[in-house]
A.B. asks: 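Please find one structure pasted underneath; my questions will follow.
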Amino acid sequence: MNIFMDFQRRVAGLLAGIVKAGNLPQTLDLTRFVVEPPRDPSHGDLSTNAAMVYAKEAKAAGSNARTLAIEIAAGLAEQPDVDQAEVAGPGFINIRLKPVVYTEVLRAVLNGDGRFGASVQTDSSPVNVEYVSANPTGPMHVGHARGAVFGDALASLLAFAGRKVTREYYINDAGAQVDVLARSAHLRYLQALGDDIKAIPEGLYPGDYLVPVGEALAREFGASLRGKPQEEWLPVVRARAIDAMMAMIREDLKALNVVHDLFSSERALTGVDGGADQVRAAIDDLRARGIVYLGRLEPPKGAPIEDWEDREQTLFRSTDFGDDVDRPLIKSDGGYTYFATDIAYHKSKIDRGFLALVDVWGADHGGYVKRMQAAVAAVSNGKATLDVRLCQLVRLMRAGEPVKMSKRSGDFVTLREVVDEVGVDAVRFMMLLRKNDAPLDFDLAKVIEQSQDNPVFYVQYAHARGSSVLRQGRTTFPDLDLSPKALANANLALLDDESEGAILRLIAQFPRIVDQAATAREPHRVAFYAHDLATSFHAHWNRGKDLPHLRFVNEINRDLTNARMALASSVTLVLAAALAILGVKAPQEMR
RNA sequence: GCACCCGUAGCUCAGCUGGAUAGAGCGCUGCCCUCCGAAGGCAGAGGCCAGGGGUUCGAAUCCCUUCGGGUGCGCCA
């Protein structure tokens, strides 16, 4: 139940009637106006700009904005659940609803089995969300965490909003990086056999996390890989190392409460281990359509490239699809570029029936967006769209001081360390409380603080407090049924205090927030909403300190207590739904 | 040089896809706390929305431009 969408339809209906009466032109785009909560609550419950939006059309039909506003307001005022509709300011129509509307909202929450606000989107088509996709060459560090949390929350948000979501992880297990991994693991293997490997050479992965991989190789193969040429041991070691890294990454994801439906392998697309070469197939297909050709590129401007070699190469005509230059698909050593395999990968998503693709990347890949969108357009004949959400980097702080991170030395801060220190809920909520394209300072000292300064604590506390209020009510009136379904039958008209009204209005907005956050693909809006709802709940609770008659439990008024239990229950249900989207626990009590 | 992102209170950031008087937290100032949970509560000050043009009934929001930051710029991913 989305009262904003509901009234959007009603106003559209009134406009259609006015069109019929000849006071507006026949061809009227009825989607241009909005129904929204007015910023100033004294203006009522809903507000629409419809009359102003169609001012020009009204004039053309011999009317004007003012007259149109009056007509719409008159139509609205006749509706049974509208208390009052009046024209205000430059032509806004402010609508005051009858209290029964909020009674119905609460009933929808209480009877909704946690689905209040769900499935608000008219579009329920499948959408593919790809996120994390970290190289399987080591444990996840905090830089990965943001994209992981963002992607996971976005996927949950879209699913809650009614889209059919597939969550995907692309394993970059082809290319030079995993060969470096294999050589690094091989060194640890020799070490496990007792060889003196001295320092890890420059360019290899020095982290200790490869030691157990070396030991496992020694257990499995004994000394049989020692002394063999690299061509023989590398594929074997690589496969074991990638498996070990992916197992580690899955553990990291689990610790972060991040889930995926599907892990797709880049290597499998190339067919190097047998199977079809889907990369080649994709390139051939594009070549047949004239989108792939042999040509030369200009050397890039800016930082000079030392070993630039002018050569004729296989290029993708991405400039036909909005990119700045055409992009190479085959490296000088004959292997596929990352872009080539990525084209095949995105094609595979499209072939699996997805026309809506979302990729979550780090901001350092921003320069890659245009060519990938060009590729998706080319491969799908313009049918599929790729939306790339870039996450800015995270600066890890401790009490205001940056924490040094150096991946090369192997002592970078891992995701696991941060989760262990501050908890998964804090990590997730803090990362979602920022727009994804804004940089984020993550202060370890601050997020474990248990005070109102800490938004994670503040929101969770609101849920715990709501639960506590229900426990309190149960103690005072042991015979009351405080299950949501039973509370839906409470006399909700008794909730007539102004700060109760503020909470009711916020609850009514939840479906709208979900809808807009899903459309904008911005889960942070849900985080801010949860914080707002928590604020208004805490504020109302605090009013009970000075005004005892506003307290949730009223020992001499059973019906009033019951109604207020319904309010408390609704707040916890909506908070729980919002927190579930964010992947943050909604605790019954704080400890 | 080019592309993308960003610039809103002292600080960290929202701003509902163009609406009414610009929002929150921290910090600051003042008052309050015997009271369902004080790991507090209430209130106040604080703004040329980086600058300049444009579009329109109406712009922090859309377009152009200048300045200032960030990220990238064959054969890494």
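Just the heavy atoms: all of them, side chains too, but no hydrogens, waters or symmetry mates, feed the values below. By convention in this document, chain letters (A, B, ...) are assigned in the order of the sequence lines, proteins followed by strands, and residues within each chain are numbered from 1.
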A.B. asks: Give a yes or no on whether the backbone of A:Gln84 and the side-chain of A:Arg96 come within a donor-acceptor separation of less than 3.5 Å.
C.D. replies: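 No, A:Arg96 side chain to A:Gln84 backbone: no donor-acceptor pair under 3.5 Å.
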
A.B. asks: Under 4.0 Å from OP1 or OP2 of B:G15: is there any side-chain N or O of A:Lys435 that close?
C.D. replies: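 Yes, within the criterion.
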
A.B. asks: Work out how far the C1' atom of B:G15 is from that of B:G19, and round it to whole angstrom.
C.D. replies: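 One C1' to the other, the span is 13 Å.
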
A.B. asks: Let's test your reading of the model: under 3.5 Å, does the base of B:C16 pair with the side chain of A:Arg525 as donor and acceptor?
C.D. replies: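 No, no donor-acceptor pair under 3.5 Å.
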
A.B. asks: Angle class for the A:Tyr170/A:Tyr338 ring planes (parallel below 30°, perpendicular above 60°, tilted otherwise)?
C.D. replies: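 Aromatic pair A:Tyr170/A:Tyr338 classed tilted.
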
A.B. asks: Between the side-chain atoms of A:His365 and the base atoms of B:A77, is any donor-acceptor pair under 3.5 Å?
C.D. replies: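 Answer is yes: a donor-acceptor pair is held.
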
A.B. asks: Go through the N and O atoms of the side chain of A:Asp364 and the base of B:G72, and report whether any donor-acceptor pair is under 3.5 Å.
C.D. replies: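 Check fails, no donor-acceptor contact within cut-off.
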
A.B. asks: Nearest whole Å is fine: how far is B:U17 P from A:Arg521 CZ?
C.D. replies: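 The distance from CZ of A:Arg521 to P of B:U17 comes to 16 Å, rounded to the nearest Å.
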
A.B. asks: What interatomic distance, in whole Å, is found between C1' of B:U71 and the corresponding atom of B:G27?
C.D. replies: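 The same atom, C1', in both gives a distance of 31 Å.
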
A.B. asks: Does a nitrogen or oxygen in the side chain of A:Gln392 sit under 4.0 Å from OP1 or OP2 of B:C5?
C.D. replies: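 No, outside the criterion.
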
A.B. asks: Taking the same atom, P, in B:U65 and in B:C2, what whole-Å distance lies between them?
C.D. replies: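 Taking atom P in both B:U65 and B:C2, they lie 11 Å apart.
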
A.B. asks: B:C75 C1' sits how many Å from A:Ile283 CD1, rounded?
C.D. replies: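 So the CD1-C1' distance, A:Ile283 to B:C75, works out to 14 Å.
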
A.B. asks: Say we look at B:G18 and B:C36: how far apart would their P atoms be, to the nearest angstrom?
C.D. replies: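 These two P atoms come out 48 Å apart once rounded.
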
A.B. asks: What is the base-pairing partner of B:G1, counting Watson-Crick and G-U wobble geometry with both distances under 3.5 Å?
C.D. replies: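 Partner of B:G1: B:C73.
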
A.B. asks: Within the pair A:His524 and B:G15, is there a side-chain N or O less than 4.0 Å away from OP1 or OP2?
C.D. replies: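 Checking A:His524 against B:G15: at least one side-chain N or O falls below 4.0 Å of OP1 or OP2.
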
A.B. asks: Could you measure between the two P atoms, the one in B:A39 and the one in B:G52, and give it in whole Å?
C.D. replies: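 Roughly 49 Å separates the two P atoms.
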
A.B. asks: Nearest of B:C16, B:A77, B:A3 to any side-chain atom of A:Tyr368?
C.D. replies: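 Taking heavy atoms from C-beta onward, the closest nucleotide is B:A77.
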
A.B. asks: Within the structure provided, determine whether A:His524 and A:Leu432 are in side-chain contact (heavy-atom separation under 4.5 Å).
C.D. replies: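 With C-beta onward as the side chain, the pair stays apart.
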
A.B. asks: Does A:Arg311 reach a base, just sugar-phosphate, or nothing at all? Heavy atoms under 4.0 Å.
C.D. replies: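 It contacts base atoms.
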
A.B. asks: If you only use heavy atoms from C-beta on, which nucleotide in B:G74, B:C36, B:C57 is closest to the side chain of A:Val553?
C.D. replies: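 Of the candidates, B:C36 comes closest.
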
A.B. asks: Using the C1' atoms only, state how far B:A77 lies from B:G58, rounded to an integer number of Å.
C.D. replies: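 Those two atoms are separated by 47 Å.
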
A.B. asks: How far does the P atom of B:A3 sit from the matching atom of B:U66, given to the nearest Å?
C.D. replies: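 Straight-line distance between the two P atoms is 11 Å.
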
A.B. asks: Quickly work out the A:Arg543 CZ to B:G37 P distance and round it to whole Å.
C.D. replies: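 My rounded result for the distance is 19 Å.
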
A.B. asks: Taking CZ from A:Arg371 and C1' from B:G74, how many angstroms apart are they, rounded to a whole number?
C.D. replies: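 Nearest whole value for this atom pair: 9 Å.
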
A.B. asks: Pick base, sugar-phosphate or nothing for A:Gly366, based on heavy-atom distances below 4.0 Å to the nucleic acid.
C.D. replies: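 No contact.
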
A.B. asks: Is any side-chain N of the basic residue among A:Arg32 and A:Glu57 closer than 4.0 Å to the acidic one's carboxylate O?
C.D. replies: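 Here A:Arg32 pairs with A:Glu57 in a salt bridge, since their nearest N and O are under 4.0 Å apart.
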
A.B. asks: Counting only Watson-Crick pairs (N1-N3 plus N6-O4 or O6-N4) and G-U wobbles (N1-O2, O6-N3), all under 3.5 Å, who is the partner of B:U61?
C.D. replies: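 Because no pair has both required distances under 3.5 Å, B:U61 counts as unpaired.
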
A.B. asks: When the distance from CG of A:Asp437 to C1' of B:G7 is rounded to whole Å, what number comes out?
C.D. replies: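 In whole Å, B:G7 C1' and A:Asp437 CG are 13 Å from each other.
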
A.B. asks: Got a donor-acceptor pair under 3.5 Å from the side chain of A:Asp324 to the base of B:C73?
C.D. replies: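 Donor-acceptor pair under 3.5 Å: no.
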
A.B. asks: Quick one: label A:Val369 by what it contacts on the DNA or RNA (base, sugar-phosphate, nothing), any heavy atom closer than 4.0 Å.
C.D. replies: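 Touches nothing.
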
A.B. asks: Touch check for A:Pro299, heavy atoms < 4.0 angstrom, all strands: base, sugar-phosphate only, or nothing?
C.D. replies: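 Nothing, no heavy atom under 4.0 Å.
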
A.B. asks: Taking the P atom of each, how far is B:G23 from B:A9, in whole Å?
C.D. replies: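 Their P atoms lie roughly 15 Å apart.
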
A.B. asks: Counting only Watson-Crick or G-U wobble pairs whose two distances fall under 3.5 Å, which nucleotide matches B:G7?
C.D. replies: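 Its partner is B:C67 (Watson-Crick or G-U wobble, both distances under 3.5 Å).
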
A.B. asks: Taking the nucleotide of RNA chain B with the nearest heavy atom to each, does A:Ala88 or A:Ala539 sit closer to the 5' end?
C.D. replies: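 Nearest-nucleotide comparison on RNA chain B picks A:Ala88.
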
A.B. asks: A:Asn542 side chain: which of B:G41, B:G37, B:C76 is closest?
C.D. replies: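 Out of B:G41, B:G37, B:C76, the nucleotide with an atom closest to A:Asn542's side chain is B:G41.
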
A.B. asks: Heavy-atom nearest nucleotide on RNA chain B for A:Leu433 versus A:Asp333: which residue maps closer to 5'?
C.D. replies: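 This one resolves to A:Leu433.
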
A.B. asks: Roughly, in whole Å, what's the span from CD in A:Glu57 to P in B:U56?
C.D. replies: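 Between P of B:U56 and CD of A:Glu57: 14 Å.
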
A.B. asks: From the set B:C36, B:A14, B:C16, return the single nucleotide nearest to any side-chain atom of A:Phe552.
C.D. replies: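 The answer is B:C36, which lies nearest to the side chain.
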
A.B. asks: Is there a Watson-Crick or G-U wobble partner for B:G44 with both distances under 3.5 Å, and if so, which one is it?
C.D. replies: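 With both distances under 3.5 Å, B:G44 matches B:C28.
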
A.B. asks: What about A:Asn94, does its side chain sit under 3.5 Å from the base of B:A20 through a donor-acceptor pair?
C.D. replies: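 Per atom types, the contact qualifies.
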
A.B. asks: So A:Arg327, base contact, sugar-phosphate only, or nothing? Heavy-atom distance under 4.0 Å.
C.D. replies: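 A:Arg327: no heavy atom of the nucleic acid under 4.0 Å.
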
A.B. asks: Who is the Watson-Crick or G-U wobble partner of B:U17, with both distances under 3.5 Å?
C.D. replies: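 B:U17 is unpaired by these criteria.
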
A.B. asks: Is the shortest side-chain N/O distance from A:Gln509 to OP1 or OP2 of B:C16 below 4.0 Å?
C.D. replies: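 For B:C16, OP1/OP2 do not have a side-chain N/O of A:Gln509 under 4.0 Å.
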
A.B. asks: For the residue pair A:Phe33 and A:Tyr54, categorise the inter-ring angle as parallel (less than 30°), tilted (30 to 60°) or perpendicular (more than 60°).
C.D. replies: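 Correct class here is perpendicular.
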
A.B. asks: When you measure only distances, ignoring hydrogens and angles, does the side chain of A:Ser133 come within 3.5 Å of the base of B:A77 through a donor and an acceptor?
C.D. replies: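 Not at all, since no donor on one side and acceptor on the other fall under 3.5 Å apart.
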
A.B. asks: How about A:Arg280: does its CZ atom have over 12 heavy atoms from other parts shown lying under 6.0 Å from it?
C.D. replies: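 No, the 6.0 Å shell around CZ holds no more than 12 heavy atoms from other groups.
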
A.B. asks: Kindly say if A:Arg39 contacts the phosphate of B:A20, meaning a side-chain N or O under 4.0 Å from OP1 or OP2.
C.D. replies: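 For A:Arg39, the contact criterion (side-chain N or O under 4.0 Å from OP1 or OP2 of B:A20) is met.
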
A.B. asks: Using modelled atom types only, decide if a donor and an acceptor are shared between the side chain of A:Gln373 and the backbone of A:Leu386 within a distance under 3.5 Å.
C.D. replies: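 Yes, because the side chain of A:Gln373 sits within donor-acceptor range (under 3.5 Å) of the backbone of A:Leu386.
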
A.B. asks: In terms of base orientation, is B:U66 syn or anti, with the syn window spanning 90° either side of 0?
C.D. replies: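 Nucleotide B:U66 adopts anti.
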
A.B. asks: Output yes when A:Arg389 and A:Asp437 qualify as a salt bridge under the 4.0 Å nitrogen-oxygen rule, no when they do not.
C.D. replies: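 The answer is no: the pair does not qualify as a salt bridge.
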
A.B. asks: Aromatic ring centroids of A:His43 and A:Phe92 under 6.0 Å?
C.D. replies: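 So the answer is no for these two rings.
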
A.B. asks: Among the nucleotides B:C13, B:C76, B:G19, which one has an atom lying closest to any side-chain atom of A:Lys331?
C.D. replies: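 Of the options given, the side chain of A:Lys331 lies nearest B:C76.
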
